[in-house]
Visitor: 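Below you will find the structure I want to go over with you.
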Amino acid sequence: LAQLLPNPSDAVDLEMQRFLHLLWAFRDASEHVALAPSHKHILLTFCGSVVPEDLVKIAISSAMSPFHERITLHAVGLGPRGLLREPLNSFCKLVQSGSLTWEVQEHKD
């Protein structure tokens, strides 16, 4: 997934590591303080020649998170064959397989 980032950098890597460390720390927190997964809905309204960086970061954190969150990607108004164009097609196949199992829904508008 990290290969899909347009400009991978050490700062992004460190930011992701800190976020994931926080998730794992709260997973084993006492019964008084804890985080729980929630169903997330993501809107994608445009995709050019690269998958948006924020979308890749969400996929990375989802894959490495201790929580198995349900995630639905809503592709809105991408036009005919919008989800079949690369690199979005490969990204969707990746997040719909393995441990991620995202749901991808295409909406005309």
Visitor: Once ring pair (Phe, Tyr, Trp, His ring centres under 6.0 Å) is applied, do any residues pair with His68, and if so which ones, sequence neighbours excluded?
Guide: none
Visitor: Could you work out, with side chain to side chain contact (heavy atoms under 4.5 Å, CB included) as the rule, every residue matching Glu103, not counting sequence neighbours?
Guide: Arg70, Thr72, Gln105
Visitor: Tell me which pairs pass salt bridge (Lys or Arg N to Asp or Glu O under 4.0 Å) where either residue lies in residues 38-52, with sequence neighbours left out.
Guide: Lys40-Glu69
Visitor: Remaining members of Val76's ILVMFWY cluster at a side-chain heavy-atom cut-off under 4.5 Å?
Guide: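 ILVMFWY cluster around Val76 also holds Leu43.
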Visitor: Are Leu44 and Leu88 packed together at the side-chain level, in the sense that at least one heavy-atom pair is separated by less than 4.5 angstrom?
Guide: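 Counting from C-beta outward, Leu44 and Leu88 do come under 4.5 Å.
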Visitor: Please report the closest heavy-atom contact between Leu55 and Leu73, naming both atoms and the distance.
Guide: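 Here Leu55 and Leu73 meet closest at CD1-CD1, 4.0 Å.
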Visitor: Of all residues at least two apart in sequence or in a different chain, which pass the side chain to side chain contact (heavy atoms under 4.5 Å, CB included) check with Ile58?
Guide: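 Partners of Ile58 by the side chain to side chain contact (heavy atoms under 4.5 Å, CB included) criterion, ordered by chain and then number, come out as Ile42, Ile71, Trp102.
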Visitor: Once rounded to the nearest 0.5 Å, what's the spacing between atom CZ of Phe91 and atom CD of Gln96?
Guide: 10.0 Å
Visitor: Examine distances only and state if a side-chain atom of Thr101 and a backbone atom of Ser97 form a donor-acceptor pair shorter than 3.5 Å.
Guide: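 No; judged by distance alone, with no hydrogens or angles, the pair does not exist.
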Visitor: What pair of heavy atoms forms the shortest contact from Ser62 to Leu100, and how long is it?
Guide: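 Taking every non-hydrogen atom into account, OG-CD2, 3.4 Å.
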Visitor: Is there any salt bridge (Lys or Arg N to Asp or Glu O under 4.0 Å) pair reaching into residues 88-101, and which pairs are they, with sequence neighbours excluded?
Guide: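 For residues 88-101: none.
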Visitor: Ser65: which residues meet the side chain to side chain contact (heavy atoms under 4.5 Å, CB included) condition with it, sequence neighbours left out?
Guide: Leu23, Phe67
Visitor: Does anything in residues 72-88 form a salt bridge (Lys or Arg N to Asp or Glu O under 4.0 Å)? List the pairs, not counting sequence neighbours.
Guide: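 Listed once each, the pairs would be none.
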